[in-house]
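Notes to accompany the following structure.
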Number of protein chains: 2
Amino acid sequence: MIPLHQRIRDEIEGLIRSGAWAPGHRAPSETELMAQYGCSRMTVNKAMSALAEAGLIVRRRRAGSFVARPRVHSTVLDIPDIQAEITARGETYGFVLLAAERRPADPDDGDEVELAGEGDLVALRGLHVAGGRPFALEDRLISLAAVPEAAAADFAAEPPGAWLLHHVPWTEAESRISAIGAEPAVAELLALDVGAALLAVERRTWRAGEPVTRVRQLFPGEAYDLIARFGPAR
Amino acid sequence: MIPLHQRIRDEIEGLIRSGAWAPGHRAPSETELMAQYGCSRMTVNKAMSALAEAGLIVRRRRAGSFVARPRVHSTVLDIPDIQAEITARGETYGFVLLAAERRPADPDDGDEVELAGEGDLVALRGLHVAGGRPFALEDRLISLAAVPEAAAADFAAEPPGAWLLHHVPWTEAESRISAIGAEPAVAELLALDVGAALLAVERRTWRAGEPVTRVRQLFPGEAYDLIARFGPAR
DNA sequence: CTCGCGAATATGTCTATACATATTGAACCG
DNA sequence: CGGTTCAATATGTATAGACATATTCGCGAG
């Protein structure tokens, strides 16, 4: 049984997404919807407030509720877990740990110093492999001040991304996406020509304001797409 | 005056984001919060339902409300309007229309055929310029079946992105982000070496299920970053 | 000791009502 | 004709109560 407020919400959302109600269109008032659905105003209000929160309508007192004009920016981007992504494609996933060391932050690198805080860093380099072929190169720094358990973790057994996900819940994250050419060392590891275009995803995460980790993942440009959608899919 | 349900919501969100309530932590029941804030259950419920909808807590009947473990995927990505982005940086913006033609869809290109529908296409190529230097190359197709007015528009005066935004509200969009090497023609237009890494953003938009436009924007890799954030910023 | 059943609990939904608040449009007055 | 006031309107917030539903816990029977 679908709750009534959800049904109202879904129906109106359908009218908007189908284009039947164009941006700017004025929706019926709560009183009208209340009569239309034979329910109380609170129920209608719950549906309409949810649509407003979702950004589908704009509500103005005395004036009414209007279909919002969608904004170009801020779509939802799926940055999937690499392992999950690969297995979802039906390919076998592997992770090769190329290097792992514990070291203090480079004092010339403000970024590292901030990440390390009072402690050392764990620096990792690893290769994500899909079906026997290199899929992504990952360079990661983990703050031991934030995650002391990382000193003893075996990242060859469990890739650092998955390990962190299980051990350290984060509260904030920032991802930065750019394109760079492959340097010789990187090109060799990814089995590409030097200078080949790579999609670079750099992500930093924090827990309660304290930096936890910074990771830079390099994907061969033609092998990987990031997709962001705005639309009927829920 | 901040509404009470919002205050409750904000306070609990603060406890979660600060890490005071770790993932898995059980929040007080609605009855307890109701006593704590001296309000009715509906008010507490509104706050907690909103937090649940936002994915910050998970609610289970009889069991209670628990702080959710954040998921890696689905962050919010800002895909800004290029013109707005450049002027925000304090640089002068310019758009150079390199080519514009009206033509039927290429029957060998299923993508174009779908976009065109029963009508022709407008095919445009233009260069976004920031402070006198090339910033992005844009190739765009507009469906005249969906937007007949595009046949008469002057895209040299108003860049097609802005023109479309003003004339055709869309209801769905999909963006695809990848990295490619610059081909000779592209490299020359962007004043780069052949093979230089480019960030490619391809976006398609629909209105009420009908394809409206498809645009491919190529940015010099080192000149532009896309940033996605998840965190306390609201 | 285990299984099944019923009671307790926490959330989920909904109603009817009340008052607050922003905004608009129209009536009124200078 | 222009500005001010005021009432109508639509949303915003909140209450108290009611019943529904899923899930867990504990008790008692086998």
Side-chain angles (χ1 to χ4, degrees), chain A residues 1-17 20-71 234, chain B residues 1-17 20-71 234:
Chain A
M1 195 53 198
I2 300 153
L4 181 53
H5 68 84
Q6 176 107 34
R7 217 193 88 202
I8 299 174
R9 190 186 152 159
D10 289 348
E11 287 188 16
I12 294 181
E13 182 164 345
L15 288 167
I16 296 173
R17 298 238 188 254
W21 287 4
H25 173 91
R26 181 182 161 160
S29 75
E30 294 193 353
T31 320
E32 289 168 298
L33 288 169
M34 180 177 154
Q36 184 177 325
Y37 285 96
C39 65
S40 80
R41 214 194 108 204
M42 278 302 293
T43 306
V44 169
N45 183 274
K46 188 163 189 174
M48 297 300 275
S49 309
L51 288 170
E53 184 130 349
L56 277 156
I57 62 174
V58 173
R59 315 195 78 194
R60 276 165 45 216
R61 284 176 165 154
R62 162 73 223 238
S65 303
F66 302 85
V67 177
R69 353 191 76 82
R71 296 157 308 156
R234 292 231 315 182
Chain B
M1 194 55 196
I2 299 151
L4 181 54
H5 69 84
Q6 176 110 30
R7 215 192 90 203
I8 300 174
R9 189 185 154 160
D10 289 349
E11 286 189 16
I12 294 181
E13 182 165 345
L15 289 167
I16 296 173
R17 297 235 188 258
W21 287 3
H25 173 90
R26 181 183 160 159
S29 75
E30 293 193 353
T31 320
E32 289 168 298
L33 288 169
M34 181 178 153
Q36 185 177 322
Y37 286 96
C39 66
S40 80
R41 216 194 107 203
M42 277 301 292
T43 305
V44 169
N45 183 273
K46 188 163 189 174
M48 297 299 274
S49 309
L51 289 170
E53 185 130 348
L56 277 157
I57 63 173
V58 173
R59 314 195 79 193
R60 277 163 45 217
R61 284 175 166 155
R62 163 73 225 234
S65 303
F66 302 86
V67 176
R69 352 191 77 81
R71 298 156 305 155
R234 296 227 312 182

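Just so it is clear, the model here is predicted, and its values are computed rather than measured. Each chain gets a letter, A, B and so on, in the order its sequence line appears, and its residues count up from 1.
For Ala35(B), there are no side-chain contact (heavy atoms from CB on, under 4.5 Å) partners two or more places apart in sequence or in a different chain. In this structure Glu32(B) satisfies the salt bridge (charged side-chain N to carboxylate O under 4.0 Å, His left out) test with no other residue, sequence neighbours excluded. Checked against salt bridge (charged side-chain N to carboxylate O under 4.0 Å, His left out), Arg7(B) has the following partners two or more places apart in sequence or in another chain: Glu11(B). Residues forming a side-chain contact (heavy atoms from CB on, under 4.5 Å) with Ala63(B) (at least two apart in sequence, or on another chain): Arg60(B), Phe66(B). Under the side-chain contact (heavy atoms from CB on, under 4.5 Å) criterion, Ser40(A) pairs with Met42(A), Thr43(A), sequence neighbours left out. In this structure Ala22(B) satisfies the side-chain contact (heavy atoms from CB on, under 4.5 Å) test together with Arg207(A), sequence neighbours excluded. Here Arg41(A) pairs with Glu30(A) under the salt bridge (charged side-chain N to carboxylate O under 4.0 Å, His left out) rule; sequence neighbours left out.
The span of DNA chain C lying next to chain B, judged by atoms under 4.0 Å from heavy atoms, is bounded 5' to 3' by dA8(C) to dC14(C).
Taking OG of Ser65(A) as the start and CG of Leu33(A) as the end, the distance is 8.0 Å to the nearest 0.5 Å. The distance from the CD1 atom of Ile12(B) to the CD1 atom of Ile57(B) is 7.0 Å, given to the nearest 0.5 Å. Expressed to the nearest 0.5 Å, how far OG of Ser29(B) lies from CE of Met34(B) amounts to 9.5 Å.
For residues 22-46 of chain B, the set of pairs meeting the ring pair (Phe, Tyr, Trp, His ring centres under 6.0 Å) definition, not counting sequence neighbours, comprises Trp21(B)-His25(B).
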Which protein N or O atoms sit under 3.5 Å from an N or O of nucleotides 6-9 of chain D?
unit_1 : atom_1 : unit_2   : atom_2 : d
dA8(D) : N3     : Arg62(A) : NH1    : 3.1

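Within residues 37-46 of chain B, the residues approached by DNA chain D to less than 4.0 Å at the level of any non-hydrogen atom are Cys39(B), Ser40(B), Arg41(B), Met42(B), Thr43(B), in residue-number order.
Ser49(A) comes within contact range of no nucleotide atom at all, as no heavy-atom separation falls under 4.0 Å.
Remark: C1' of dT13(D) and CD of Gln6(B) are 12 Å apart, rounded to the nearest angstrom. Rounded to an integer number of Å, the gap from CE of Met1(A) to P of dA20(D) is 13 Å. Atom P of nucleotide dA20(D) and atom CD of Glu30(B) are separated by 18 Å, given to the nearest angstrom.
Projected onto DNA chain C by closest heavy-atom contact, Ser65(B) and Met34(A) fall at different nucleotides, the more 5' of which corresponds to Ser65(B).
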